[in-house]
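What follows is a structure written as structure tokens; I'll ask about it next.
Each ligand, and each atom within it, is numbered from 1 in the order the structure gives.
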Amino acid sequence: MCGIVGYVGHQNAETILLDSLRRLEYRGYDSAGIATLFLANTSCQTAIRRAAGKLENLREFVKQNPCQGTIGIGHTRWATHGKPTEKNAHPHQSDPITLVHNGIIENHLQLREQLLSAGHQLKSDTDTEIVAHLIAAEKKNNQVNFITATRAAVQQIRGAFALAILDENEQDTIVCIKQACPLIIGIGQHENFIASDFTAILPYTNQFIILEEGDMAVVKKDTIHITNFDGVEQNRPIKILDWSPSVAEKNGFSHFMLKEIFEQPLAITDTLRERLSFIENKVVLDGVHLDKLKHINRICIVACGSSFHAGMIAKYQMEDLVKLPVELDLASEFRYRPVLVDAHTLVIGISQSGETADTLAALRHAQNKGALLLSICNTLESSIPRLCHHSAGTLYTRAGPEISVASTKAFITQIVALHLLGLGLAQQRDQITKNDIIEHMNALLQLPTAIETVLQEDSLIQKIAQHFVSSTDMLFLGRGALYPIALEGALKMKELSYVHAEGYAAGEMKHGAIALIDEKMPVIVLAAQSHVYEKVVSNLEEVKTRGGCIVGILDENDDALKSRCEFSIHIPVVPKSILAPVATVPLQLFAYHLANAKGLDVDQPRNLAKSVTVE
Ligand code: F6R
């Protein structure tokens, strides 16, 4: 939530900041702004440009009012404190300090009072502005330099904060602070970059330093000096990332979401790469410390949103494979419960971003109780994998950067990674035969092709979606492993199309939701072959009897059921163990095309942000 960038070097900072912010806009898009330092005659000055709304508004404003300078900072906002207006957009300033911030300053009310009584004039409603005032006050009152003043100010604030800070009197320096929000430094030739994540600055460099909790970095064009908040030197390694810059571009697709849906076969292939050994007939879980998991007697899964739905599928599958009780919790609930976990419990956190505040806090909560931690994550070196590093480790999904706010390829690869993990734990505990392992591995290998087949239904799904542009409500029904997919289909529909949609376990419908059904209610029924196929067919008939308009997600040769549905989308017949991811794809496309037909902003739905770093 909120993206920050910075640049110091020899190029025009404005161009680089706006370009980097474009790739970071998925983190928030309520308002945006940049600030640069430049020389006017002999004195250094600060140029600030801000605009409410999407980055495009800022871009237009900057075109009319360009900024000079080869050093600057930028921000794209997801509002927490203060409405998304120009006044509350970052950067915020208290002469000579200008800064941008991602996170929340928790003690801002108390600090605001202190500053107001000391005569400071605050111009915005944000928690951020007070930090600029604190640093400026330290400089003025104690006659200290920029770095000492920043260090003193940071000791006064509490909460989560990644900050990039300029001082008009130090025209070659950006000071960065990292506490519980991601911040990286990109290393160039006589230039350095700052960003909330890699994708923002991939076209400029593939060498990065990942700042750690409590780091303060003084970044100039030829040097980077990192200390902790007390000034003690910190050594951070340089990492090389081999992603191509094109992963953060649309490459001819109308939206990132569509591109990412179509990238799913590749993302799955990458996630499986070198993890299926047909020589030893086993799965290989790189990054997972299996030896630490020999004595677990229980598994808990914590996650949010789509990642939670992936966890739900895993619960069903893992209990079956590993023969251990698997519990599932929303991270936001788990973190505040006196949960019964101990050194024999494996707690698995699932997160695309690796920064979701609730999931991170849930894992910390479990860690404090002595549990073993493992993560399924898509973002290298993000906070969640780093937390799990000294425990049971991380199994990375290899979906590549997911830019669209709605999760698609990350979700599918989470299901795959959890499937691999279940197999790995089952083989470690001798709960699975060689033949069964081989059967599962072969099923996983079929998944990319099965999804390619579903993607060929894209134009049909687009046509079906157009019939529902005026629908205000929808029901999604599924049983077994397709129940979480019904929830996921409903979530995609809600977040993209602003249609009220509910996912239901088909068998539960008769206990209440059936009252909603009339001829105006589209009901999407996941009725592909499974061990509960006949039960789902009965549920479909119950809907039909009450006049509901049915869109069936059916097996490719299920003509009998097709005749009972108003619309039908066929998926290939696949092994039961990979049915859930295959059945997800038509629902992703359905939600995408419906939102698009309604003229909505598919990649950046209202009120949302990709990386939810606040509670
Ligand atoms: C829905 C979606 C969200 C995320 C949730 C968790 O399309 O993207 O529900 O799944 O915010 O995010 P991560 O996986 O980054 O922890």
Does even one non-hydrogen atom of N378 get within less than 4.0 Å of ligand 1?
->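 No, N378 has no heavy atoms under 4.0 Å from ligand 1.
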How far apart are the closest heavy atoms of F411 and S407, and which atoms are they?
->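 Looking at all heavy atoms of both residues, the shortest contact is N-OG, 3.4 Å.
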List the atom of I194, the atom of C176, and the distance in Å for their closest heavy-atom pair.
->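 In terms of heavy atoms, the two residues are closest at CD1-SG, 3.3 Å.
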Option whose closest heavy atom lies nearest to atom 15 (O) of ligand 1, chosen from A357, G305, S353 |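 Checking each option, the heavy atom nearest atom 15 (O) of ligand 1 is found in S353.
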Contacting atoms of ligand 1, where contact means under 4.0 angstrom from a heavy atom of Q352 =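 In order of numbering, the contacting atoms are 13 (P), 14 (O), 15 (O), 16 (O).
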Heavy-atom contacts with T356 under 4.0 Å: which atoms of ligand 1 show up? List them by number with element.
->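 By the 4.0 Å cutoff, the relevant atoms are 12 (O), 13 (P), 15 (O), 16 (O).
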Proximal ligand 1 atoms for E495, defined as those under 4.0 Å from one of its heavy atoms |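 Within the 4.0 Å cut-off of E495, ligand 1 contributes 1 (C), 7 (O).
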Is a side-chain N or O of Q414 found less than 3.5 angstrom from the main chain of G311, in a donor-acceptor match?
->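 Such a contact is absent between Q414 side chain and G311 backbone.
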What part of E355, side chain, backbone, both or neither, has a heavy atom within less than 4.0 angstrom of ligand 1?
->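 Within the 4.0 Å criterion, E355 makes no contact with ligand 1.
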Candidate list I4, T76, N102, T128, test side chain to side chain contact (heavy atoms under 4.5 Å, CB included), partner H90, passing option |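 Filter result, single survivor: T128.
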What atoms of ligand 1 come within less than 4.0 Å of a heavy atom belonging to V405?
->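 Near V405, meaning under 4.0 Å from one of its heavy atoms, ligand 1 has 8 (O).
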What atoms of ligand 1 come within less than 4.0 Å of a heavy atom belonging to S351?
->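 Answer for ligand 1: 13 (P), 14 (O), 15 (O), 16 (O).
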Pull out every atom of ligand 1 sitting under 4.0 Å from any heavy atom of A406, numbered as shown with elements.
->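 Taking each heavy atom of A406 in turn, ligand 1 has 7 (O) under 4.0 Å.
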Could you check whether the rings of H467 and F567 sit parallel, tilted or perpendicular, using 30° and 60° as the cut-offs?
->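 Answer is tilted, since the angle falls between 30° and 60°.
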So H255 and Y592, would you call those rings parallel, tilted or perpendicular, with 30° and 60° as cut-offs?
->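 The rings of H255 and Y592 stand perpendicular, inter-plane angle above 60°.
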May I ask you to list the atoms of ligand 1 that are less than 4.0 angstrom from any heavy atom of K492?
->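 Those qualifying, in numeric order: 1 (C), 7 (O).
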Might you work through the side-chain contact (heavy atoms from CB on, under 4.5 Å) test for F208 and E381, ending with a clear yes or no?
-> CA-CA 11 Å; F208 297 95; E381 302 282 350; over 6 Å; no
